[in-house]
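Encoded as structure tokens, the structure appears first; notes follow it.
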Number of protein chains: 2
Amino acid sequence: MEMSLKRRETMHRLCGKGLEIFNEKGYYNTSLDDILTELDLSKGAFYHHFKSKEDYFISIVQNLIVQKVYALLVEPLNTFENPLPIIVESLENALEPGKRNEMAYGFMLNDFLTEFNKRNEEISNYLKDIINVWEVNLVSVLKRGKVDGHIARHVDCEGVATYIIASFMGMRTLMIDNSNRQLKYQYIQQLKQYFKSLEPERVLA
Amino acid sequence: MEMSLKRRETMHRLCGKGLEIFNEKGYYNTSLDDILTELDLSKGAFYHHFKSKEDYFISIVQNLIVQKVYALLVEPLNTFENPLPIIVESLENALEPGKRNEMAYGFMLNDFLTEFNKRNEEISNYLKDIINVWEVNLVSVLKRGKVDGHIARHVDCEGVATYIIASFMGMRTLMIDNSNRQLKYQYIQQLKQYFKSLEPERVLA
DNA sequence: AACCAGACCGACCCGTTGGTCGGTTAAAGG
DNA sequence: CCTTTAACCGACCAACGGGTCGGTCTGGTT
């Protein structure tokens, strides 16, 4: 069942360029030809490898987006330090456009989710799954923070996770143009402010 | 220069139904015929009143969305009480689907902004203007709260306004399906938690 | 050399959709 | 009545985009 090297390489090129352009212009606003022209490939080549545009995008989600979100937003949570600064750091990092490329991976989720909402339930679900994984991990790391005494006992971890995700997603809508330093700075500052309110009351020594 | 009554009424019907369906299915995913069929009108009638689909949507933004956002999110800020609970209340209210109709006006902004971002700069700008008005009003009401001693002096009002807007917008992406009570509750709770951290230190009597 | 399979080409198909245009209806004014 | 004009109709157009399909090219096998 293994794919030939040539096939694998072409599909990989298609997915990479596809993510780049879909992310830039949106899925429905990008025609297959937009992508194929850039790669000097033909319609025939495309449909030789993918069943449909939808199938193609799902490949992109599962091969590229999942990994990227996981690496940026889930993996970093796997430490045993105080979770709050770890979360701040991961979000800050996710909002940073990649060093080598121009994609701000942290944004893609919000953009695509909004685009597919009400238009393609299947793709929506794949994207929602990614958010869910993130959320579950946030909750569990927050709960651990509670046990370790970094977070006050009264805190509703699910609520906090939801609020973190919402504010992060919402930043996208505001940072429409180029990634705006000012907005990012404000966001991180307020996030820290909010996190402060989750810490346990200081017990005087 | 005044419009005939008939003309005004037809345009009004078109805008109302247009907002309803655009909000439901998205602008690019709604064809003019989708709307015209529902109103028993023809292409001819439409183009007799509007120059283009784009022009039509701009009318909707300026006649309906602006007013609605203003009424839900800006007007309520005009009191002289403690701004923080007022803001919470306005957001809570904006997330509530309208009593008589099904539209959750608070959401429209985020949906449309994301949809037009990268696709239609002119419309994007009209929508961004609305956000700006909201932001400016939030900032000024927060500053007044500082003067009145409801908000701690160290607080960065612009940052807080940005954070409020971001989290509000982000809720949309999460509340994809029907308005989810649970999510809304979590959001409001955490917002209150965050706001607590903006209050001045209690001075012991 | 003959053959085969898989990668790829690009002309074509066809549904959708924004927009056009010549015509009809009906109300208002003379 | 007759004329004018605004409102409205609906057949039609052209562009676009996803998807199809018969065919070509190339590298490996026998």
Side-chain angles (χ1 to χ4, degrees), chain A residues 1-61 112 115-116 118-123, chain B residues 1-61 112 115-116 118-123:
Chain A
M1 272 307 179
E2 66 190 32
M3 280 183 228
S4 78
L5 209 69
K6 194 79 197 297
R7 177 178 180 84
R8 186 185 294 276
E9 193 234 316
T10 303
M11 289 176 81
H12 191 262
R13 279 172 65 218
L14 277 166
C15 286
K17 182 60 80 178
L19 178 58
E20 185 188 322
I21 305 192
F22 286 143
N23 183 47
E24 202 175 293
K25 305 201 308 171
Y27 175 84
Y28 290 106
N29 200 32
T30 301
S31 70
L32 293 179
D33 278 329
D34 289 343
I35 297 163
L36 295 169
T37 305
E38 289 234 357
L39 293 177
D40 272 314
L41 283 174
S42 64
K43 274 275 181 67
F46 179 87
Y47 280 94
H48 181 66
H49 295 301
F50 296 99
K51 175 165 129 278
S52 64
K53 190 186 182 189
E54 180 178 357
D55 176 61
Y56 171 49
F57 190 76
I58 292 174
S59 284
I60 292 178
V61 172
F112 287 135
E115 185 169 10
F116 289 111
K118 303 170 195 163
R119 296 194 68 170
N120 185 314
E121 207 184 326
E122 190 182 354
I123 295 184
Chain B
M1 270 304 181
E2 66 189 35
M3 278 183 233
S4 77
L5 209 68
K6 195 77 197 298
R7 177 179 180 83
R8 189 184 293 276
E9 194 235 314
T10 303
M11 288 175 82
H12 192 262
R13 278 173 65 220
L14 277 166
C15 286
K17 183 59 81 178
L19 178 58
E20 186 188 322
I21 305 191
F22 286 143
N23 182 47
E24 201 176 292
K25 306 200 311 171
Y27 175 84
Y28 290 106
N29 201 32
T30 301
S31 70
L32 293 180
D33 278 330
D34 290 343
I35 297 163
L36 294 170
T37 305
E38 289 235 357
L39 293 178
D40 272 314
L41 282 173
S42 65
K43 274 277 178 68
F46 179 88
Y47 280 94
H48 181 66
H49 295 301
F50 297 99
K51 180 164 124 273
S52 64
K53 189 185 183 188
E54 179 178 356
D55 176 60
Y56 170 50
F57 190 76
I58 291 174
S59 283
I60 292 178
V61 172
F112 287 136
E115 185 169 11
F116 289 112
K118 303 169 192 165
R119 294 194 70 169
N120 186 314
E121 206 184 326
E122 191 182 354
I123 296 184

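Order of the sequence lines sets the chain letters (A, B, ...), proteins ahead of strands, with each chain counted from 1.
Distances shown here put every side-chain N or O of B:Tyr47 at or beyond 4.0 Å from the OP1 or OP2 atom of C:dT20. The side chain of A:His48 places an N or O atom within less than 4.0 Å of a non-bridging phosphate oxygen (OP1 or OP2) of C:dA7. In this model, the phosphate group of C:dG18 is approached by a side-chain N or O of B:Lys53 to a distance below 4.0 Å at OP1 or OP2. Not one side-chain nitrogen or oxygen of B:Thr10 sits closer than 4.0 Å to the OP1 or OP2 atom of D:dA7. Contact annotation: A:Ser52 does not reach the phosphate of D:dG18 (side-chain N/O to OP1 or OP2, under 4.0 Å). The shortest distance between the side-chain N/O atoms of A:Lys6 and the OP1/OP2 oxygens of C:dC8 is below 4.0 Å. Between A:Ser4 and C:dA7 there is a side-chain polar atom (N or O) within less than 4.0 angstrom of OP1 or OP2.
Judged by distance alone, the side chain of B:Lys53 and the main-chain N or O of B:Tyr28 form no donor-acceptor pair under 3.5 Å. Listed for the A:Arg13 side chain is a donor-acceptor partner under 3.5 Å among the backbone atoms of A:Leu39. Counting only distance, with no hydrogens or angles, the side chain of B:Lys17 and the backbone of B:Leu36 share no donor-acceptor pair below 3.5 Å.
Taking atom OH of residue A:Tyr28 and atom C1' of nucleotide C:dG18, one finds them 19 Å apart after rounding to whole Å. Computed from coordinates, the B:Arg8 CZ to D:dA6 P distance equals 16 Å when rounded to whole Å. Taking atom CZ of B:Phe46 as the reference point, atom C1' of C:dG18 lies 9 Å away to the nearest angstrom. For A:Leu5 and C:dG6, the CG to P distance is 15 Å, given to the nearest whole Å. Distance CG (A:Asp34) to C1' (D:dC16): 11 Å, rounded to an integer number of Å. Separating the CG atom of A:Leu32 from the P atom of D:dT20 is a distance of 12 Å, rounded to the nearest angstrom. In this structure, A:Leu14 atom CG and D:dG18 atom P are separated by 14 Å, rounded to whole Å. A:Phe50 has its CZ atom 15 Å from the P atom of D:dG18, to the nearest Å.
In terms of position on DNA chain D, the residue among B:Arg13 and A:Lys43 whose nearest nucleotide sits closer to the 5' end is B:Arg13. Comparing A:Gly44 and A:Tyr27 by the nucleotide of DNA chain D that holds the closest heavy atom to each, the one mapping nearer the 5' end is A:Tyr27.
Counted by atom type alone, B:Ser31 and B:Asp34 present one or more donor-acceptor pairs between their side chains at under 3.5 Å.
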Requested in this report: Run the numbers on B:Glu115 and A:Glu115 for side chain to side chain contact (heavy atoms under 4.5 Å, CB included), then give the verdict.
Outcome: CA-CA 7 Å; B:Glu115 185 169 11; A:Glu115 185 169 10; over 6 Å; no
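Using a 4.0 Å heavy-atom cutoff across all strands shown, B:Asp40 reaches sugar-phosphate atoms only and no base atom.
Closest to the side chain of B:Arg7, out of D:dA7, D:dG17, C:dT17, is D:dA7.
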